[in-house]
Each structure stands twice: as C-alpha cells, then as structure tokens.
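Worksheet: one structure, shown below.
Read the numbers this way: they start at 1 and go in the same order the structure lists the ligands and their atoms. Since the model is a prediction, treat every value here as computed from it, not as a measurement.
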Amino acid sequence: MSTLRFQALQEASTRKPVHFEEIDRKSNIFGSNVFNEKAMKQFLTSDALKGVRDAIQHGTKIDRKLADYIAMGMKEWALSKGVTHYTHWFQPLTGTTAEKHDAFFETSYDGSDPVEKFGGAQLVQQEPDASSFPNGGIRNTFEARGYTAWDPTSPAFIYGTTLCIPTVFIAYTGEALDNKIPLLRALSAMDEAATEVCKYFDKNVKKVTATLGWEQEYFLIDKALANSRPDLMMTGRTLLGHTSAKGQQLDDHYFGSIPTRALTYMRDLEQECMLLGIPVKTRHNEVAPNQFELAPIFEETNLAVDHNSLLMDVMQRVAERHDFKVLFHEKPFKGVNGSGKHNNWSLATDTGVNLLSPSKTPMSNLQFLTFFINTIKAVNDYETLLRASIATASNDHRLGANEAPPAIISVFIGAQLSKVLLELESVTTGKLSPEEKTDLKLNVVGKIPDVLLDNTDRNRTSPFAFTGNKFEFRAVGSNANCSNAMTTLNAIVAKQLKDFKIEVDGLIESKDMKKDDAIFNVLREYIKQSKKILFEGDGYSDAWEKEAAKRGLSNFKTTPEAIKAKVSKQALELFDELGILNHVEAEARYEIELEEYTKKIQIEGRVLGDIARNHVIPTAIRYQNTLIENVKGLKEIFGKEFETIAKEQIVLIKEISGHIEGINSKVLAMTSERRTANQLTDAQKMAEAYCNKVKPYFEDIRNHCDKLELLVDDESWTLTKYRELLFTK
Ligand code: ADP
Ligand code: MG
C-alpha cells in the first residue's frame, strides 16, 4: 500500500532547486513596486505630492479633492505597471492580512464606455464585508458594518497585478477593529511624549520616531512532506511524532552552509522583497535543522510592521513556487528549537539622533540615559502588560517551557551599564554640588561610549535586552503580528516619558532646581524603583524562577493567565489616557484573544484525537495482527516450546494493546472535558478550562502514539516522521 507518507517521500526525494535568476542588482530594483517618493514625483502634481508629504510628516488630513488627484496619479502609475485590480490591504484581528480585490475596469450597464477608473473615494474608504472578522462583540452590539480607511504613512504597493493600499479598519461606531489603529495611536503618543523630553536637551527636535527591526525565524519544509501531515496542515505544528535520533545536538545546521534549495528560495524571496521595498538584509541558518532567519534593515515602526505582515504572506507564496511550505509556528516540532521574532526597538529624532545610542558629549549622554532609564522603568512598571502583549497559544510553547526566553519579563543591560546605574543611584538628593556634577559628567556619563565599546557580554536568555544602541524584545512569537508588542511597548514608554516630564518640571518649578539637577534626581529615584526588573543571569535557570518570585515579578506560563493584564485597571487607564484604546476596544480585544486561544486548543484537541484514532490505532492494530499471525505460526511449528521462542512478540503484542487502550481512554476523557468546557459561557473560564483541563491530555495521548511509532514496523507507519520532515533538504 502506498500511503501519503511514501508518496510524499518519493516526491521530495526527486526535487531539484527551481531555476531562478536575478533580474537586476538590488539597488536598482529596490522599491520599484512601491508608490514611493520617486513614483510620486513622477505621477503626482506638486499639490498632491505636498498633500501626501504633509500627511506623512505631520498627520495633516487629505481632503476629497486632493484625494482625487492622488488617486489619479496612483492609478496611472499602477496601470503603467500592468496592474488590473486594487485592494484595501488591512490587518484584522485574526493576526493575518486581509484584502478584497476590485478591478479598475468599469463600464456602463449596456457595456458601452469601458474605462479604468479609480478615484479619491475608492482610495480613501472601502467597505469590506466585515461581519466575518473578529470584533469581540463590538459590532454585534452597535453596528453591523465597518470600513477601511487609507493610511498614507505606509505607501501603496503592487503585488502581482494588484495595487494594495494599506488601510486601517474601523467600526461605524468608531472603534478600532484592526491591529494598525492602536499602533498608530501609540506611535503618535510616543512622538508627543518623547519630543517633549528631547527638548530638555535639544530645542530643535520636532519629531521622534520609534524604529523597529524584526528578525523573522521560520522552518522551511518540503511541501509534499508538510502536506502529508494532517496536524501540520490544520494546526501549523506537529501534535505527535517521535523525536529523531539526530536532532540539533551537533549544531551542524547552524554553522553549515545554506542548502541549495533553501538558498534558491531565499534569493527569489529577497528579489520579491526588493521590488516591494522591504529592505531585507540578512539570511542565515538557525539552530534547528531546516530552520532559518531573515532580517531587514530597521524602519519606522508602522512601516516595519506592515512590511513584516506583507513578508509573511510573500514568503508563503514564493514558497509555493519552490515546493516548500513555510512554518511560522513558534514550536512546530517537539524537542527542537522553536521560532521567535526578535523586535529590535529604538527611538530616532528628526535631527538624526538615535536616542538609545550613547554619543560623544556628556549632555547627549544624559539624554541617552534619560531614555534608557525611562524604558527600564516602563518595563518594570508594566511587566505584566508586556508579557500579555506576546501571549498566544502557540507562543506558550516557548515562553512557558524551557525555551528561549522565559515567561518572566526582565531587562538585561550588561555589566558596564549596570555599573553606571549604580553610580547614578548615589547622586545627592536635591541640588548637586558643582564638583559632583563635573565628576558625573566626566567620569560616569561621559565615559559611557567608551565602556560600551567593549560591551560584548550578550545574554541570549533575556526576554528584553539592551544591545548597544537599541533594546531587543526577544519574547515576541514568530507567528505574531508585531503590532501587539509594539503598541504596548511604545505605549508604556510614552506614558513613562510623560510622567518623567511632569516630575522634572515639578522639581524645576517648586524646588528651583537647574534642569540637569532635576533630571539626575528623578533618574536616581527611577533606578531605585526599577531594581526588580534588572537581571543579568541565566533566564532559564530554576534559581531565577525562585528569585523572580521573591522579587514579585510575574511568571505566567499560559495565555489565559497572562492576558488578564490587558484588562487590568492599570492597563485600561494607560490605554485610555494615551488615547490608544478606550475601554470598549480594550475589552473587545481581550475577548477576541481569549476566543482565539480557545479555538486553537479546541482544533488541536480534535485533530490530535482524529489522528490518534484514525491513523495511529489502525496502523498499530495491523502491525499487531502481523505479530499475532507470527505467534500463531510459531505455535503450529514448535508446539509447547513456542512460549519461549515467541516471548518478545508476545510482549510487543501486549505493549501495543496497552498503548491502544491508553489512546482510546485518553481521547474519550479529553472529548468529555471539551464538552464540559464548551458549556461555559464566560470566555475567560472557557479558555482556562481548555488550558487546564483539555490541553493536559495532549502530552499523554502523544506519548502513547510516539511509543507506538517506535514499536510499529516503519514500512506500515502512515505519518511522515520527524527525521524526514527535518532532514530532507
Ligand atoms: P542579532 O545579533 O540579534 O541577530 P543584529 O545585530 O543582526 O541582531 O540586528 C538585528 C536587527 O536590529 C536588524 O534587523 C537591525 O536592522 C535592527 N536594528 C539595528 N539598529 C536598530 C535601531 N536603531 N532601531 C531598531 N532596530 C535596529
Ligand atoms: Mg536578535
């Protein structure tokens, strides 16, 4: 019998790298499918161009008439590139992207006057059939429809033959229904708060931009092999499968050269990225077999988030051409490394300064310290919210389970900066003496760039690490839309900077202090208040778990526990104060995430139950029957003596029966827990039931199946094995 497994293996073993040629050097094609400055200059009138620029730089509104002119230019540009359709491209709360294509083509009802049309109205606003996107009850209660609205800060681009217009997605009642709106609001809060603080140091700063450089990890698996696994197809991860004898222990993949098929895929992908203006820069193998990473040059956060969402889509489409499937799941395989998406984050001024980069003069280093310490304080005060921002069913496999990084949020800053903070902590209360100030400026603050030069002690186990000129939020999941993490991080730091400004101004006014005295005083207090979040040691150790508990840091290993922080009083007030999410929006998002969690576990439970009973048990029984036949035959030949001769077979027969019984009883028990959980009406309680009552059966069922995989004849095993999935190149 030829099972899907053997057909797939056959197919995969005959693959050759798909032919691919670069069309031109990267710098020549970069952004050529993007309606960027260059294209706008060519296709827009000067008024229209100015309108878009003002909207990007200052958030100025674009009126309908101007929108008509912009649309006209955009259409001409698109038509010149063979485009036939346009779509509003947006990021609903499903975590992926959505689009509905409309043709430019129009004609009157009798077929006369065929023409390509696209006006301001179509550019600015659309009404997707919104009822099927998650909304956490917002639209059920108020209004059944929502609309998408153009986000001019992220340029339109062409993918295939479609003009894609980045948009936000809003309910008619005004609530945000997507990932982009809260992000834009958080970035604007950050701009406002950080610009005010910058003015202490440089009056010329008019705008502060949060920057993001993500590092996307993924697995690349032969399409036929991936498709032969129902669990991978339905859930994005393997729910069973015995670890292969060889895994990642030799590190030979990490240090090896990129396999040819994968490399050809990457080159093709990079070319697509260049056309789309996604500035990808680095590619390399990761720790696990068939695991890779891709990283771009960092960009303004909103654009970087859009680019990552777009990239994930493009990666899957290009993979089709190369007969691959991309796995973005955080833990597709048990026993080998999972995937993350490090979010490198910093702040840049319109005067060209990286606020998290130490520089030459003591005053600008005081600015660096201000932003550095405020970030630490923000993470300290909002660690539970930051943890909540990266909580998903799939990321729980990393954060909760001895895998990079732990579920405890902490900040790593390195030995040198730890020392600097220690010295700053002893700054005199009140006005500083001239000697102390000189000493601080020359010997502490002034020395930072020098000490940082040899700041090489990087800690790979930290979820939030300072890496010289940026913070690296490493706990973000590979499958996540970065906006959740970025909205939260920028929100908490914005709030912190706002409070900082109030405190410093307060000291200057009431205590008649000099500006830098006041800044030193406030920073000193922040250092004292943020001690619990700083950790330089091994984040995976048990000792740290104990120590973190003593310090009062949270350690939520599962999503239902972690995301409660999203609707805590502290979080609701924060989002409300900064105008990022009102209570209705925040509650709705929390509900959606709970529902999504429940659905994910529910699907995994069903798929696992099905595979265990439809694949594993029948295969085991067939093999057991072979053994039984064998024992019967031996008895016929050897008579009484067979008991010794067939001893091993009899043990095997019994063992197989034991596992079959184990699977059956556990699947039934799991199904019954699922039914009970489904009766619950409270979304939090239902998610908890799925997490604590249903999910624990997964491991049990899996263990029985994986034992059977080892016992059963390889020829008759129907499911593609780990060694085949991981080591086929
Ligand atoms: P790693 O050693 O973790 O692989 P890299 O040094 O290669 O990290 O850089 C990772 C990412 O950091 C890149 O995507 C890069 O663009 C980004 N990055 C560098 N500087 C900044 C910055 N100022 N703001 C945001 N991201 C940045
Ligand atoms: Mg990194």
Side-chain angles (χ1 to χ4, degrees), residues 26 30 183 186-187 190-191 194 198 205 207-218 254-255 258 266 269-270 273-274 277-288 291-312 315 337-359 364 367-368 371-372 375 398 404-405 411-414 449 452-478 480 482-483 485-490 493 539:
K26 290 190 163 137
F30 183 73
L183 176 67
L187 293 172
M190 171 59 92
D191 175 16
C198 278
V205 173
K207 189 177 169 68
V208 173
T209 307
T211 51
L212 165 65
W214 37 262
E215 301 165 58
Q216 179 72 55
E217 291 184 334
Y218 61 101
Y254 195 40
F255 296 114
I258 302 176
M266 288 176 191
L269 172 66
E270 283 165 12
C273 287
M274 285 300 118
I278 306 174
V280 293
K281 174 114 173 129
T282 333
R283 60 182 180 213
H284 61 84
N285 291 357
E286 263 305 323
V287 178
Q291 189 188 28
F292 305 95
E293 183 189 292
L294 176 155
I297 296 165
F298 68 92
E299 299 175 285
E300 182 278 317
T301 301
N302 177 40
L303 187 59
V305 170
D306 278 1
H307 277 165
N308 182 251
S309 300
L310 177 58
L311 171 94
M312 290 171 76
M315 280 176 80
N337 253 45
S339 303
K341 180 152 47 197
H342 294 179
N343 276 205
N344 296 271
W345 170 89
S346 191
L347 297 167
T349 67
D350 57 348
T351 53
V353 173
N354 176 353
L355 293 168
L356 288 172
S357 178
S359 67
S364 60
Q367 173 172 283
F368 157 73
F371 284 92
F372 179 68
T375 304
R398 295 169 70 225
V411 183
F412 169 86
I413 58 172
L452 269 187
L453 279 180
D454 53 295
N455 183 18
T456 45
D457 53 339
R458 284 188 154 211
N459 182 328
R460 288 274 155 203
T461 66
S462 175
F464 199 88
F466 184 71
T467 48
N469 58 3
K470 61 192 188 295
F471 278 99
E472 186 167 346
F473 189 13
R474 301 207 185 107
V476 185
S478 51
C482 305
S483 58
M486 282 298 111
T487 300
T488 306
L489 179 58
N490 286 291
V493 178

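- Using a 4.5 Å heavy-atom threshold, the side chains of F471 and F372 count as touching.
- Smallest separation of non-hydrogen atoms from L356 and F371: CD2-C, 3.9 Å.
- Every atom of ligand 1 is numbered from 1 in the order shown, and the set under 4.0 Å from a heavy atom of E472 is 3 (O).
- Here the closest non-hydrogen pair linking N469 and N354 is O-ND2, 3.0 Å.
- Polar contact check, A295 against ligand 1: no nitrogen or oxygen pair lies under 3.5 Å apart.
- When each atom of ligand 1 is checked for a heavy atom of I297 under 4.0 Å away, the hits are 16 (O).
- Taking every heavy atom of S346 and a limit of under 4.0 angstrom, the matching atoms of ligand 1 come to 22 (C), 23 (N), 24 (N).
- Between H342 and ligand 1, no pair of N/O atoms sits closer than 3.5 Å.
- Looking only at distances, a side-chain donor or acceptor of D191 sits under 3.5 Å from a matching main-chain atom of V208.
- Close approach to G213 involves these atoms of ligand 1, each under 4.0 Å from a residue heavy atom: 14 (O), 25 (C), 26 (N).
- The number of heavy atoms from other shown groups lying within 6.0 Å of NZ (K26) is above 12.
- Of all atoms in ligand 1, listed by their number and element, those nearer than 4.0 Å to a heavy atom of N354 are 23 (N).
- At under 3.5 Å, a nitrogen or oxygen of F298, whether backbone or side chain, sits near a nitrogen or oxygen of ligand 1.
- Counting heavy atoms closer than 4.0 Å to ligand 1, residue R460 contributes side-chain atoms (C-beta onward) but none from N, CA, C or O.
- A distance-only check finds no donor-acceptor pair linking the side chain of W345 to the backbone of F473 [under 3.5 Å].
- Considering only non-hydrogen atoms, atom 15 (C) of ligand 1 lies nearest to P296 out of P296, P279, A465.
- Summarising the contacts of atom 25 (C) of ligand 1 with V280, L347, L355, N344, the nearest heavy atom is found in N344.
- Below 3.5 Å of separation, one finds no N or O of W345 facing any N or O of ligand 1.
- Partners of T351 according to the side chain to side chain contact (heavy atoms under 4.5 Å, CB included) rule, which considers only residues two or more places apart in sequence or in another chain, are D202, N204, V205, T349, V353.
- For R474, the heavy-atom gap to ligand 1 stays at 4.0 angstrom or more.
- For the side-chain hydrogen bond (donor to acceptor under 3.5 Å, both in side chains) with E215, the lone residue among T282, N344, N343 that qualifies is N344.
- No part of K281 comes within 4.0 Å of ligand 1, judged by heavy-atom distances.
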Start with the C-alpha distance between L187 and E300, add both sets of side-chain angles, then the distance that settles side-chain contact (heavy atoms from CB on, under 4.5 Å), and finish with yes or no. CA-CA 10 Å; L187 293 172; E300 182 278 317; 3.7 Å; yes
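- Of the residues listed (R398, Q291, E217), the one engaging S339 in a side-chain hydrogen bond (donor to acceptor under 3.5 Å, both in side chains) is Q291, and it is the only one.
- The N/O atoms of E293, backbone and side chain alike, include none that comes under 3.5 Å of an N/O atom in ligand 1.
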